[in-house]
Amino acid sequence: MNFDEQQLITWSKPISTTEDQKCQNVISQVTAALKAKFGNKISIFLQGSYRNNTNVKQNSDVDIVMRYDDAYYSDLHRLSESDKALYNAQKTSAGYSFDQLKADTELALRNVFSSDVKRKNKCIQINGNTNRITADVIPCFVLKRFRNLTTIEAEGIKFYSDENDAIISFPDQHYTNGTRKTNETYRLYKRMVRILKVVNYRLIDDRKISDTLVSSFFIECLVYNVPNEYFMSGNYTQTLKNVIEKIYTDMKNNAEYKEVSELLWLFSIRTPRTHKDAMNFMQYCWDYLGYED
């Protein structure tokens with residue numbers, strides 16, 4: 001083993017109070033700018049590593065969701081063909097497109113942050129400075145998943161990238177399930193996630209892997225699917241070994257994993273994620289940490 005128990009404990013800790021204050025600063029500034037433009041038509045909340053308390057210093061930027069509440073997308077995949085036809089025959093347009101929403105959001109942010117605003121494929125980025133951390137602002141519409149014509153099974157968010165890829169997520173369910181998982185695993189679930197994120201950045205810095213091999217979200221989901229009994233109270237070294245071995249074996253066998261929300265499959269045609277990428281990442285982590293077979 002290349003690192004002792006104390007080093008793993010250090011890596012497992014959340015960001016510092018100083019970094020957290022910089023996160024709070026940008027959240028307040030972005031909220032004020034967007035409320036000035038959209039008023040009560042929007043809800044603003046967080047998603048990603050900062051909200052889920054799995055961020056480490058190297059990825060302590062903030063994902064700020066700006067959900068436009070006066071329009072929604074429908075997920076009808078659970079409905080029968082006849083019910084889908086009936087729903088589509090009755091639906092009406094909100095009269096406000098997502099393209100316009102993203103353009104209006106970008107303009108509202110530029111009016112406040114000026115040249116620190118950069119439009120990206122999936123978000124609008126606010127560059128950080130000495131007082132604030134970098135923030136990714138994600139304009140989106142509500143997503144309603146229908147169980148039948150009269151029952152909404154779950155609500156999430158949906159938006160389109162500039163490359164016209166549809167992105168769906170369920171941030172509230174992700175947060176709730178992640179909190180439950182860490183409480184059920186002696187608070188080790190999120191700590192194992194942080195350790196693997198630190199290892200990921202070290203592997204990238206050492207040019208062992210590409211920075212696109214695994215995302216922060218991908219790591220969270222992989223660890224989430226490890227059964228609770230693999231997490232050993234008070235033992236970071238053995239728990240991390242258990243987690244890496246379990247994920248590696250599952251990936252080798254093409255196991256089906258869910259996202260943390262448990263409402264979407266982790267591997268599907270809608271994402272570029274693969275079992276092989278996850279398996280390779282676990283092998284790199286195993287070798288870097290110095291575990292023995």
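In this text the structure is predicted, and so the values were computed from the model without any measurement. Heavy atoms only: backbone and side chains are in, while hydrogens, waters and symmetry mates are out.
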How about [X] and [Y]: do any of their side-chain heavy atoms sit closer than 4.5 Å?
| X | Y | result |
| --- | --- | --- |
| F38 | L101 | yes |
| V223 | F231 | yes |
| T237 | K241 | no |
| L86 | Q90 | yes |
| I168 | L264 | yes |
| V62 | L46 | yes |
| F3 | L289 | yes |
| Y291 | E245 | no |

Can you find a side-chain donor-acceptor pair between [X] and [Y] that sits under 3.5 Å?
| X | Y | answer |
| --- | --- | --- |
| Y288 | N2 | no |
| D104 | Q100 | yes |
| S216 | K197 | yes |
| H77 | D75 | yes |
| Y175 | R51 | no |
| S49 | N52 | no |
| Y224 | E262 | yes |
| Q173 | N177 | no |
| N228 | T185 | no |
| S74 | Y87 | yes |

Distance from [X] atom [atom1] to [Y] atom [atom2], nearest 0.5 Å?
| X | Y | atom1 | atom2 | answer |
| --- | --- | --- | --- | --- |
| L149 | D83 | CG | CG | 4.0 Å |
| F218 | T274 | CZ | OG1 | 6.5 Å |
| N88 | L76 | CG | CG | 6.0 Å |
| K37 | I42 | NZ | CD1 | 10.5 Å |
| S169 | I138 | OG | CD1 | 7.5 Å |
| D63 | K122 | CG | NZ | 11.0 Å |

Step through the shown structure and confirm whether more than 12 heavy atoms of other residues, nucleotides or ligands are within 6.0 Å of [atom1] on [X].
| X | atom1 | result |
| --- | --- | --- |
| M232 | CE | no |
| F113 | CZ | yes |
| N40 | CG | no |
| K35 | NZ | yes |

For Y186, which residues count as a side-chain contact (heavy atoms from CB on, under 4.5 Å) partner, sequence neighbours excluded?
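Y186: side-chain contact (heavy atoms from CB on, under 4.5 Å) contacts with L188, S233.
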Got a sec, which residues hit side-chain contact (heavy atoms from CB on, under 4.5 Å) with T151, two or more places apart in sequence or on another chain?
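Listed in chain order: R147, N148.
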Pi-cation contact, F141 with K158 (under 6.0 Å, within 45°):
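Output no; distance or angle outside limits.
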Run the salt bridge (Lys or Arg N to Asp or Glu O under 4.0 Å) check on R273 and E259 step by step: do they pass?
CA-CA 12 Å; R273 308 180 198 113; E259 294 186 2; 3.5 Å; yes
Apply salt bridge (charged side-chain N to carboxylate O under 4.0 Å, His left out) to E81 and list each qualifying residue two or more places apart in sequence or on a separate chain.
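E81 satisfies salt bridge (charged side-chain N to carboxylate O under 4.0 Å, His left out) with K84 once adjacent residues are dropped.
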Minimum heavy-atom distance [X]-[Y], with the two atoms named:
| X | Y | value |
| --- | --- | --- |
| F267 | E256 | O-OE1, 4.5 Å |
| V193 | I219 | O-CG2, 4.1 Å |
| V65 | Q47 | CG2-CG, 3.5 Å |
| P171 | I157 | CD-CG1, 4.1 Å |
| M282 | I244 | O-CG2, 3.5 Å |
| S12 | Y236 | OG-CE2, 3.5 Å |

Is a salt bridge present between [X] and [Y], judged by a nitrogen-to-oxygen distance below 4.0 Å?
| X | Y | value |
| --- | --- | --- |
| K120 | E106 | no |
| D205 | R207 | no |
| R110 | D116 | no |
| R78 | E153 | yes |

Looking at [X] and [Y], would you say the former's side chain and the latter's main chain have a donor-acceptor pair under 3.5 Å?
| X | Y | value |
| --- | --- | --- |
| D165 | S161 | no |
| Y189 | R180 | no |
| R194 | N53 | yes |

Can you tell which of T134, T130, N129 makes a side chain to side chain contact (heavy atoms under 4.5 Å, CB included) with R132?
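Single side chain to side chain contact (heavy atoms under 4.5 Å, CB included) partner of R132 among T134, T130, N129: N129.
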After noting the C-alpha distance and the side-chain angles of T239 and L8, does the key distance pass the side-chain contact (heavy atoms from CB on, under 4.5 Å) rule?
CA-CA 11 Å; T239 295; L8 298 183; over 6 Å; no
Does F98 form a ring pair (Phe, Tyr, Trp, His ring centres under 6.0 Å) with Y68? I'd like the steps, not just the answer.
CA-CA 9 Å; F98 175 74; Y68 187 79; over 10 Å; no
Flag the pair H174 / F217 as yes when their ring centroid distance falls below 6.0 Å, and as no otherwise.
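Between H174 and F217, the centre distance is under 6.0 Å.
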